[in-house]
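These notes are about the structure you will find just below.
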Amino acid sequence: MAHRWKNDLTHDDVTPHAAFLNRRQIMVGIAGAGLATTLGAGQARAATLEPDSFEVITTYNNFYEFGTGKDDPAKNAHMLTTKPWAVTIDGMVDNPGDYSFEDIMSQMTVEERIYRFRCVEAWSMVVPWNGFELADLLNMAGVKSGAKYVAFETLYRPEEMPGQRFRTLDWPYVEGLRLDEAMHPLTIMATGIYGQDIPNQNGAPMRLVVPWKYGFKSIKSVVKITLTDKEPPTSWNKANSREYGFYSNVNPNVDHPRWSQASERTIGGGLFARRKETLMFNGYEDEVASLYEGMDLAKFY
Ligand SMILES: Nc1nc2c(c(=O)[nH]1)N[C@H]1C(S)=C(S)[C@@H](COP(=O)(O)O)O[C@H]1N2
Ligand SMILES: [Mo]
């Protein structure tokens with residue numbers, strides 16, 4: 001069974017990104033000194049991951065609401081106002097309603113999660129998120145028995161999101177998870193990077209992060225969460241169902257129709273960044289493979 005990541009960090013422990021390199025060396029040092037056994041498995045593994053810089057994570061983005069270029073979100077996302085912000089939680093829940101960002105944050109425990117992040121376009125980075133487990137938010141709303149899926153929706157506000165004036169995608173951006181995927185302890189709602197509020201271009205004020213799935217599942221700037229008994233539509237599947245399925249688990253053995261998924265280009269490594277082999281479930285196989293036991297992963301891509 002998947003472990004719950006025991007992390008003693010709270011928002012008070014946040015590390016300014018300028019100091020992060022230092023701390024990263026400490027973390028690697030701990031692992032090297034053999035003390036990793038006193039940490040949870042996830043943390044021990046995190047200690048060997050090298051996060052990308054704040055600069056890289058916040059300037060190389062996919063956020064089509066602000067344009068399709070990788071540098072468009074960093075240029076345009078300042079137009080987005082994120083205060084006030086509310087998330088509607090509805091459908092098969094005991095306590096449906098509009099929850100303000102502040103109300104949610106007052107009830108959630110924020111911790112740091114250093115995760116691999118793998119885009120379906122075959123690039124990847126390692127990101128130090130701050131966030132809370134989605135399960136905690138869903139439990140706050142009270143999931144009714146019979147609910148099987150969770151649907152998510154991004155803000156629709158073309159005045160502030162210039163990309164929404166073009167029909168690149170059918171707006172608003174929507175995503176979905178099976179309920180057990182949504183409840184998995186690795187699935188988080190991220191509200192920060194490097195201990196800072198999450199920048200608009202990365203999905204402020206709150207975005208999903210599902211580290212074993214291709215990046216497009218990690219929907220940004222969420223305004224609506226709906227519990228349902230039917231598999232919800234998802235944006236990239238609607239745009240091209242042959243190329244993008246509902247599950248979209250990272251899988252080096254199932255190629256995209258137009259390119260291989262066996263390896264990935266690491267962003268932020270500079271000129272000498274080498275391609276690295278893509279890992280099954282993006283390296284989270286021990287934690288999540290049981291969710292898909294007996295499923296044909298080539299069919300349910
Ligand atoms: N609303 C919304 N969410 C989105 C996207 C988007 O265009 N719109 N792009 C997705 C894709 S393809 C990726 S790879 C990640 C990128 O997240 P990052 O820019 O924080 O690295 O966000 C995902 N979430
Ligand atoms: Mo992506």
Side-chain angles (χ1 to χ4, degrees), residues 51-77 80 82 85 87 113-131 151-158 160-177 187-194 196-225 232-240 243-245 248-250 256 258-259 261 264-268 278 282:
D52 284 282
S53 70
F54 186 83
E55 173 77 10
V56 165
I57 294 164
T58 59
T59 55
Y60 188 94
N61 298 101
N62 272 336
F63 201 166
Y64 278 23
E65 285 85 338
F66 295 102
T68 56
K70 297 287 184 260
D71 52 354
D72 285 339
K75 277 190 242 155
N76 295 330
L80 175 66
T82 57
W85 194 271
V87 181
R113 297 284 177 94
I114 302 172
Y115 282 162
R116 293 179 203 83
F117 191 87
R118 169 59 157 85
C119 175
V120 74
E121 298 163 332
W123 55 263
S124 68
M125 22 177 121
V126 174
V127 183
W129 304 105
N130 309 92
F152 303 86
E153 202 172 297
T154 293
L155 178 71
Y156 178 71
R157 194 183 285 161
E160 296 184 1
M161 297 175 135
Q164 288 181 334
R165 296 171 205 158
F166 305 92
R167 288 194 55 88
T168 10
L169 288 170
D170 183 17
W171 311 111
Y173 195 101
V174 290
E175 257 305 335
L177 295 173
T187 302
I188 60 168
M189 292 296 276
T191 55
I193 292 174
Y194 276 103
Q196 310 205 342
D197 288 347
I198 195 165
N200 286 0
Q201 58 265 37
N202 293 89
M206 194 185 284
R207 61 88 62 85
L208 185 69
V209 176
V210 192
W212 72 94
K213 291 178 178 283
Y214 291 121
F216 66 83
K217 298 294 291 183
S218 293
I219 182 173
K220 295 177 169 180
S221 304
V222 171
V223 291
K224 195 172 177 200
I225 298 175
T234 59
S235 280
W236 281 100
N237 181 253
K238 286 198 290 180
N240 191 334
E243 299 190 355
Y244 309 104
S248 296
N249 293 313
V250 175
H256 185 279
R258 291 184 281 130
W259 58 81
Q261 294 291 29
E264 61 205 51
R265 184 168 58 94
T266 52
I267 305 297
T278 291
N282 205 23

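Counting starts at 1 for both ligands and their atoms, following the listed order.
The pair Glu121-Lys70 meets the salt-bridge criterion, since a charged nitrogen lies less than 4.0 angstrom from a carboxylate oxygen.
The shortest side-chain heavy-atom distance between Asn61 and Lys220 falls under the 4.5 Å cut-off. Side chains of Thr58 and Ser53 form no contact here, defined as non-hydrogen atoms less than 4.5 Å apart. Two residues are said to be in side-chain contact when any heavy atoms from C-beta on lie closer than 4.5 Å; Glu65 and Tyr156 fail this criterion.
At a 3.5 angstrom cut-off on N or O pairs, Trp123 does not count as close to ligand 1.
Judged by the shortest distance from any of its heavy atoms, Tyr214 lies outside the 4.0 Å radius around the atoms of ligand 1. At a 4.0 Å cut-off, at least one heavy atom of Arg207 sits close enough to ligand 1 to count as contact. Using 4.0 Å as the threshold, Ser218 has a heavy atom nearer than that to some atom of ligand 1.
Scanning the protein heavy atoms around atom 18 (P) of ligand 1, the nearest turns out to be Lys220 NZ, 3.4 Å. Of all protein heavy atoms, the one lying nearest to atom 7 (O) of ligand 1 is Tyr64 N, 2.7 Å. The protein non-hydrogen atom at the shortest distance from atom 8 (N) of ligand 1 is Glu65 OE1, 2.8 Å. Given atom 23 (C) of ligand 1, the protein heavy atom at minimum distance is Gly215 O, 3.3 Å.
Shown in contact with Asn202 at under 4.0 Å from a heavy atom are these atoms of ligand 1, numbered in order with element: 18 (P), 20 (O). Here is the list of ligand 1 atoms found below 4.0 Å of a heavy atom in Cys119: 14 (S). Atoms of ligand 1 found under 4.0 Å from any heavy atom of Thr154 (numbered from 1 in listed order, with element): 1 (N). Of all atoms in ligand 1, numbered sequentially from 1 with element shown, those under 4.0 Å from a heavy atom of Phe63 are 1 (N), 2 (C), 6 (C), 7 (O), 8 (N). In the vicinity of Asn61, heavy-atom distances shorter than 4.0 Å reach the ligand 1 atoms 18 (P), 19 (O), 20 (O).
Between Thr278 and Arg118, the side chains place a donor N or O and an acceptor N or O closer than 3.5 Å (distance only, hydrogens not considered).
Using a 4.0 Å cut-off between heavy atoms, Met125 makes no contact with ligand 1 at all. Residue contacts with ligand 1, taken as heavy atom pairs separated by less than 4.0 Å, involve Asn62 via backbone and side-chain atoms alike.
Between Tyr214 and Trp236, the ring center distance fails the sub-6.0 Å criterion.
Partners of Trp85 according to the side chain to side chain donor-acceptor pair (under 3.5 Å) rule, which considers only residues two or more places apart in sequence or in another chain, do not exist here. Under the ring-ring contact (aromatic ring centres under 6.0 Å, His included) criterion, Phe66 pairs with Phe63, not counting sequence neighbours.
The heavy atom nearest to atom 6 (C) of ligand 1, out of those in Tyr173, Phe117, Tyr156, is found in Tyr173.
Between Tyr244 and His256, the angle of the ring planes lies from 30° to 60°, which puts this pair in the tilted group. In this structure, Phe54 and Tyr194 have perpendicular ring planes: the angle between them is above 60°, well past the 30° mark.
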